[in-house]
Amino acid sequence: MRARPRESFARPYGSLTNPRQKRAGREAFHLKTCLVVDDSRVIRKVARRILEDIGFDIAEASDGLEALAWCRAAMPDAVLLDWNMPVMTGIEFLKILRAEPGGERPTVVFCTVENDVDRIREALDCGADEYIMKPFDGDIIAVKFAEAGLT
Amino acid sequence: MSPQDRELVAQLCAARAGLHVDPDKSYLIESRLGSVARREGFGSLEDLMAALRQKREDRLAWGIVEAMAPTESAFFRDRTPFALFREEVLPAVAALRGGEPVRIWSAACAAGQEAYSLAMIVEDERSKLPGLKVELFGSDIGERQLEKAQSGFYTQFEVQRGLPIRLLIRHFERDGEMWAISPRIRQMVRWRRVNLVADLSTAGRFDVIFCRYVISALVEPMRVRLLENLARALAPEGFLFLGQDEDVAGLQGAFQPVGGRPGLYARNPAFRIAA
């Protein structure tokens, strides 16, 4: 089952774009937004909790194509990106994203089980800013996001 | 462990290494000493402590002290001190030394992340500092920590705490489950066991000393001794890095804070330590 209905491609909803979902007082802080892209619902949930704790507003996508739809509707400040996903992989998404108008802006942090040096180099060459090898924990996400200049 | 045993551990740590150990923290003490007991072939912590009381063996006593020493460490821990080192301190001391080697000491280096972080910076800055010669030293009170540091092997968790990904792929190679630092970086650091509150008069002179999160781990009276040792080991125009929220209040006059750079201190050249 898909995490979100197909029509959300045309008009994504959720905390990124819908002001009614924003909690009171949030506007004053201009929370940074992070799009969490992973085909595992469990990973998305864990990452969401960690990133919300360090002050991000979260949107989720379960593959590269869905992530692209999000970005075209509202470019996030950061993308936490899995590599191997159905429909469109993380690296394919990244190549397309970096060629889109405004697509150079988001800080992209890979988060994947791929830990081969060649794969890491490929990700950086395609425009990734940082790289997390799974398994990860809250500490690693926090220091990697700081490393990438996000916090 | 009985309160008396824990008290003895605390006394031992304070006397030998100046380490502050809270005897009320039974969980911490028991979990740290559990591995010492197993390694030394004792059936229980009680047996370990009984042996310590009876034999008063130096090796056993040090095993206990080393196990209680803090081992927390990360690559580029706190980031800012390393940026300062790269951008200001290293170029300054390199210019000061001319063609002579710049001597850098990572004191209480635990598993070596700090020393290797400095080595990577030196390596990456070489092109900007032609003729730069550096001698890099790492020391710790724990033999096991030093062995690990010297091996240059780190877990995937460890290389993701503070090490930017570009430095990981530039300076490390994957080796099974572990990551190994390149021989080039590994060979830049010399390792030595040093008790920072012992007599350090033969330690030599250093242009830069990183001694972070040591003062705050010591019992009050030993803090002065540590600062005296550092003042003696620091070259007249040298720089000292301390941890966040640590200061040199224990020893007046030896160091001056460098304005706007928290944690960085310069040696006061006029200061002399009574012999």
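Reminder, nothing fancy here: chain letters follow the sequence lines and each chain counts from 1.
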**Q** As an exercise: rank Ile169(B), Leu168(B), Ile165(B) by heavy-atom pairs under 4.5 Å with chain A and give me the winner.
**A** Ile165(B)
**Q** For the pair Trp179(B) and Met133(A), evaluate side-chain contact (heavy atoms from CB on, under 4.5 Å) and give the outcome as yes or no after the intermediate values.
**A** CA-CA 12 Å; Trp179(B) 288 83; Met133(A) 296 171 280; 3.5 Å; yes
**Q** Examine whether an atom of Leu163(B) lies under 4.5 Å from a heavy atom of chain A, and if so say whether it belongs to the side chain, the backbone or both; otherwise answer neither.
**A** backbone
**Q** Taking atom CD of Glu173(B) as the centre, does the number of heavy atoms from other residues, nucleotides or ligands within less than 6.0 Å exceed 12?
**A** no
**Q** To the nearest 0.5 angstrom, please state how far the CD atom of Glu147(A) sits from the CZ atom of Arg161(B).
**A** 14.0 Å
**Q** Answer with side chain, backbone, both or neither: which region of Ala128(A) has an atom nearer than 4.5 Å to a non-hydrogen atom of chain B?
**A** backbone
**Q** Do the side chains of Asp129(A) and Arg166(B) get close enough for a salt bridge, i.e. N-O under 4.0 angstrom?
**A** no
**Q** Do Val143(A) and Gln160(B) touch side chain to side chain, with heavy atoms closer than 4.5 Å?
**A** no
**Q** CZ/Phe157(B) to CG/Asp139(A) distance, rounded to the nearest 0.5 angstrom?
**A** 9.5 Å
**Q** With a sphere of 6.0 Å drawn around CG of Asp116(A), does it hold more than 12 non-hydrogen atoms of other residues, nucleotides or ligands?
**A** yes
**Q** Between Arg174(B) (side chain) and Val117(A) (backbone), is there a donor-acceptor pair under 3.5 Å?
**A** no
**Q** Looking at Arg144(B), I'd like to know if its CZ atom is crowded, meaning that more than 12 non-hydrogen atoms belonging to other residues, nucleotides or ligands lie closer than 6.0 Å.
**A** no
